[in-house]
Amino acid sequence: MACDRRALLRAGALGAGMLTLTLAFAGNTRAQESKKPQESKIPVAVIGGGNIGGTVGGLWVKAGHPVMFASRHPEDLKPLVDKLGPLAKAGTVEQALAFGDAVLIAVPYKAYPEIGKAYGGLLKDKIVLDAGNATKARDGDLATEAESAGIGATSAKYLGSARLVRAFNAANYRLFAQNAHRSGAPMAVPIAGDDRQAVGVAASLVRDAGFEPVVVGGLDAAKKFQMGSPGFGHDATAQEARKAFGVTE
């Protein structure tokens, strides 16, 4: 009888321990699940509410990200944010950079030196997705510099305090608008950056916008898909893009 009682006590203790572990695991799982949506839907600043900024920023809003669009005249962005709903806001560049955990820069490339000079302190250590392209007709000597040095290096020169990732620059905005969250294999978006964590955040934002990120390499590799390069302007799947860029991973 004593042995039976000891066996019952051990079984009871084991059952209680298993119940405690089960409840703890369930509690941890619920806590993790409750954190995931908040952690993944980070606030994003979009500098520029034009074709690229409005299109990609709008896709992030639809994915659940709070987005603040910014320009020198934020009142001009009211129609855009009204259309996108309560997760979209408009503000000054200063307000947007304070708001966003990540930043998309989608302005004419000739504005980059001014942005770096005026907002360098606010850009420091920010994860910045750089969607700008340089054209000689509009950007003059800056386009010549980008063609010679590579656009990744040129952007880093003027936005050097930021954690820079080239993204959303390799195609016309119409392709992004048409192909986001399409059925079948998603459209590839090539990205390049030197900061591994920043590249990871950029890749997550690319997926949330409805595309498949393809990491081409470090920031210098951005020349492979800058405007005028063979890698620019393609509607390709991730498999096709990896093959074209020689990406093996």
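Remember, predicted model here, so these are calculated numbers, not experimental data. Residue numbers count from 1 along this sequence.
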Spacing of CG belonging to Leu159 relative to NZ belonging to Lys117, to within rounding of 0.5 Å:
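The CG atom of Leu159 sits 13.0 Å away from the NZ atom of Lys117.
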How long is the straight-line distance from CG of Leu129 back to CG of Asn169, given to the nearest 0.5 Å?
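The CG atom of Leu129 is 10.0 Å from CG of Asn169, to the nearest 0.5 Å.
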Verify the neighbour count for atom [atom1] of [X]: are there more than 12 heavy atoms of other residues, nucleotides or ligands below 6.0 Å?
| X | atom1 | result |
| --- | --- | --- |
| Glu147 | CD | no |
| Lys126 | NZ | yes |
| Asp141 | CG | no |
| Glu94 | CD | yes |

Applying side-chain contact (heavy atoms from CB on, under 4.5 Å), run through Tyr112 and Ile105 and close with a yes or a no.
CA-CA 9 Å; Tyr112 277 44; Ile105 294 184; 3.6 Å; yes
Sequence neighbours excluded, every pair satisfying salt bridge (Lys or Arg N to Asp or Glu O under 4.0 Å) that has a member inside residues 214-226
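Applying salt bridge (Lys or Arg N to Asp or Glu O under 4.0 Å) to every pair that reaches into residues 214-226, excluding sequence neighbours, yields Asp220-Lys223.
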pair Thr144-Lys136: side-chain heavy atoms closer than 4.5 Å:
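When only atoms from C-beta onward are counted, Lys136 and Thr144 do touch, with a gap below 4.5 Å.
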Please check this pair: side chain of [X] against backbone of [Y], looking for a donor-acceptor N/O pair closer than 3.5 Å.
| X | Y | answer |
| --- | --- | --- |
| Asp194 | Leu219 | yes |
| Arg196 | Val199 | no |
| Tyr109 | Ser155 | yes |

Closest non-hydrogen atom pair between [X] and [Y], with its separation:
| X | Y | result |
| --- | --- | --- |
| Val189 | Phe176 | CG2-CE2, 3.9 Å |
| Ala102 | Val201 | CB-CG1, 4.5 Å |
| Ala188 | Ala241 | CB-CB, 3.7 Å |

